[in-house]
Trainee: 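Okay, handing you the structure first.
Atoms within each ligand, like the ligands themselves, are counted from 1 in listed order.
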Amino acid sequence: LLPLGALMAALIVAVVAWGLRRRLSPLGELKMAVARREFVVHYQPLIELATGRCIGAEALVRWRRPDGSMVRPDLFIPLAEDSGLVLPITDQVIAEVVREMRAALVSDRDLHIAINLSAQDIRSGRVLAVLAQALQGSGIAPQQIWLEATERGFMDADAARATINRARAAGHAVAIDDFGTGYSSLSYLQGFALDALKIDKSFIDTIGAETVTSSVTPHIIDMAQALGLQVVAEGVETQAQADYLRERGVQFAQGWLFAKALPAAEFLAFARSRQAK
Ligand code: C2E
Ligand code: CA
Ligand code: CA
Ligand code: CA
């Protein structure tokens, strides 16, 4: 009789939870996901092109719903940005990165993890206090956490400059993400003290193709290098792209040629296998 009662209770809870979810708006659902800490992080390996070594990963958030399904970030980050919920989501990403990567980062000082900041994170700057708090006592060096911001984060130039300078003063490297997809030129970026530039996948896709933008890609690389920025190519899918980028002096790359974004344990196994190469 007891197991039957427990079963009934579980059934009622499930039905009520389902009903609640059904009545919630997308924003209501996202709020609930934040409250329940339903965000997980996958790690896409970053590869040093000259050696093939794995030098770290980009942390990419996913929303794991109670039914186990994974929601891609482009399906909820825009709503999270419009509603301000992206701030607590960034906090959860930071907490997850520290929890899952701490041991590996402490034992290998050459590894780093890149975390994506939204325009709101950049504008408020509050994320730096959250990060400092999370790193305190962890043994992780601030140099092992890189921060990525898209051009949208640079629209409020004064706020962006302040956050970037504070981040670098704390020891983090800062990269401009998805470069080439927005409107800002490299000369505009000279007004910010940056460490690295990530070339958007749409430019990597043109390598080897005879298109108008294929002639732009080498110029982005040359100018980034002239500005003293480290260059990361994203979305590398073919060996021909990797070879081209390496020959051009691009230091780092990520993409499906090497690995997709992986759960923590799989990423750590990948990183170990790619250490000595
Ligand atoms: P992004 O920062 O440009 O991240 C790279 C995206 O490209 C990732 O998708 C990654 O899985 C995908 N990708 C990487 N290599 C390849 C490849 O070789 N081929 C193809 N076709 N795709 C590749 P994902 O994980 O779906 O992320 C999408 C976007 O969501 C990210 O673009 C980023 O803007 C945003 N995002 C992800 N995590 C966070 C986060 O923690 N916070 C914020 N604010 N935004 C995030
Ligand atoms: Ca990114
Ligand atoms: Ca991109
Ligand atoms: Ca990117």
Trainee: Sorted by first residue and then second, give each salt bridge (charged side-chain N to carboxylate O under 4.0 Å, His left out) pair with at least one member in residues 99-122; sequence neighbours left out.
Mentor: E96-R99
Trainee: Among protein heavy atoms, which lies nearest atom 19 (N) of ligand 1, and at what distance?
Mentor: E237 OE2, 2.6 Å
Trainee: Are any of the N or O atoms of Q254 closer than 3.5 Å to those of ligand 1?
Mentor: no
Trainee: Can you name the atoms of ligand 1, numbered from 1 with element, that are less than 4.0 Å from a heavy atom of V93?
Mentor: 41 (O)
Trainee: Establish whether Y188 and V174 are linked, either directly or via other cluster members, by ILVMFWY side-chain heavy-atom contacts under 4.5 Å.
Mentor: yes
Trainee: Just going by heavy-atom distances, which of R62, Q44, K201 is nearest to atom 25 (O) of ligand 1?
Mentor: R62
Trainee: Got F179 and E151 here, is their nearest side-chain heavy-atom distance under 4.5 Å?
Mentor: yes
Trainee: For ligand 1, which atoms have a heavy atom of P73 less than 4.0 angstrom away?
Mentor: 24 (P), 25 (O), 26 (O), 27 (O), 28 (C), 30 (O), 36 (N), 37 (C)
Trainee: Show me which atoms of ligand 1 lie under 4.0 Å from any heavy atom of G255.
Mentor: 15 (N), 18 (O)
Trainee: Can you list the ligand 1 atoms lying under 4.0 Å from a non-hydrogen atom of E234?
Mentor: 3 (O)
Trainee: Tell me, which protein residue and heavy-atom name are nearest atom 13 (N) of ligand 1, and how many Å apart are they?
Mentor: W256 NE1, 3.8 Å
Trainee: Side chains of L60 and N116, heavy atoms from C-beta outward: is any pair under 4.5 Å?
Mentor: yes
Trainee: Consider only side-chain heavy atoms of I, L, V, M, F, W and Y, link residues closer than 4.5 Å, and tell whether I164 and M155 are in one cluster.
Mentor: no
Trainee: Give the cluster check for I176 versus W146: same hydrophobic cluster or not, with ILVMFWY residues linked at side-chain heavy-atom distances below 4.5 Å.
Mentor: no
Trainee: Does E58 approach ligand 1 within less than 4.0 angstrom via side chain, backbone, both or neither, non-hydrogen atoms only?
Mentor: side chain
Trainee: Please check if the side chain of R274 supplies one atom and the backbone of I47 the other of a donor-acceptor pair under 3.5 Å.
Mentor: no
Trainee: With side chains defined as the heavy atoms from C-beta onward, is the minimum distance between R248 and L245 less than 4.5 Å?
Mentor: no
Trainee: What part of I89, side chain from CB on, backbone N/CA/C/O, both or neither, has a heavy atom under 4.0 Å from ligand 1?
Mentor: neither
Trainee: I'd like to check which ligand 1 atoms, numbered from 1 as shown, lie under 4.0 Å from a non-hydrogen atom of D74.
Mentor: 26 (O), 28 (C)
Trainee: Please tell me if atom 30 (O) of ligand 1 is touched by the protein, where touching means a protein heavy-atom distance below 4.0 Å.
Mentor: yes
Trainee: Test of understanding: with side-chain hydrogen bond (donor to acceptor under 3.5 Å, both in side chains), list the residues that count as partners of D195, not counting sequence neighbours.
Mentor: R168
Trainee: Please determine if E148 has a nitrogen or oxygen closer than 3.5 Å to a nitrogen or oxygen of ligand 1.
Mentor: no
Trainee: Taking the side chain as every heavy atom from C-beta outward, state whether Y244 and V250 have any atom pair closer than 4.5 Å.
Mentor: no
Trainee: Can you check whether V34's main-chain N or O pairs, donor with acceptor, with Q92's side chain at less than 3.5 Å?
Mentor: yes
Trainee: Judged by non-hydrogen atoms, does H42 sit under 4.0 Å from ligand 1?
Mentor: no
Trainee: Do K198 and Q254 have side-chain heavy atoms sitting under 4.5 Å apart?
Mentor: yes
Trainee: Tell me every residue that passes ring-ring contact (aromatic ring centres under 6.0 Å, His included) with F76, counting only those two or more places apart in sequence or in another chain.
Mentor: F39, W63
Trainee: Nearest to atom 34 (O) of ligand 1, what protein heavy atom do you find, and at what distance?
Mentor: D178 OD2, 4.6 Å
Trainee: Using modelled atom types only, decide if a donor and an acceptor are shared between the side chain of Q251 and the backbone of E48 within a distance under 3.5 Å.
Mentor: no
Trainee: If I consider every N, O or S atom in E58, which one ends up closest to the Ca ion (ligand 2)? I only need its name.
Mentor: OE2
Trainee: Would you please determine whether D177 falls within less than 4.0 Å of ligand 1 on a heavy-atom basis?
Mentor: yes
Trainee: Measure from the Ca ion (ligand 2) to every N/O/S atom of E148 and report the name of the nearest one.
Mentor: OE1
Trainee: Look at atom 46 (C) of ligand 1 and say which protein heavy atom is nearest, naming residue and atom and giving the distance to 0.1 Å.
Mentor: N116 CB, 3.9 Å
Trainee: Backbone N or O of I204 within a donor-acceptor pair of the Q241 side chain at under 3.5 Å?
Mentor: yes
Trainee: Give a yes/no verdict on whether any heavy atom in G235 is under 4.0 Å from an atom of ligand 1.
Mentor: yes
Trainee: I'd like to verify the contacts: list protein N, O or S atoms under a distance of 3.0 Å from the Ca ion (ligand 3).
Mentor: D178 OD1, D200 OD1, E234 OE2
Trainee: Between T163 (side chain) and A160 (backbone), is there a donor-acceptor pair under 3.5 Å?
Mentor: no
Trainee: With a 6.0 Å cut-off (strictly less than), is the heavy-atom count around CZ of R62, excluding the residue itself, greater than 12?
Mentor: yes
Trainee: Give a yes/no verdict on whether any heavy atom in E81 is under 4.0 Å from an atom of ligand 1.
Mentor: no
Trainee: If you take the nearest heavy atom of each of D121, D205, V97, L60, which one is closest to atom 8 (C) of ligand 1?
Mentor: L60
Trainee: Taking the side chain as every heavy atom from C-beta outward, state whether I122 and D156 have any pair of such atoms under 4.5 Å apart.
Mentor: no
Trainee: Could an N or O of ligand 1 be found under 3.5 Å from any N or O of V61, whether backbone or side chain?
Mentor: yes
Trainee: Below 4.0 angstrom, N of the basic side chain to O of the carboxylate: do R65 and D67 qualify?
Mentor: no
Trainee: Can you find a protein heavy atom under 4.0 Å from atom 6 (C) of ligand 1?
Mentor: no
Trainee: At less than 3.0 Å, would any N/O/S atom of T150, backbone or side chain, sit next to the Ca ion (ligand 2)?
Mentor: no
Trainee: Does the protein place any heavy atom closer than 4.0 Å to atom 41 (O) of ligand 1?
Mentor: yes
Trainee: Less than 4.0 Å between atom 16 (C) of ligand 1 and some protein heavy atom, yes or no?
Mentor: yes
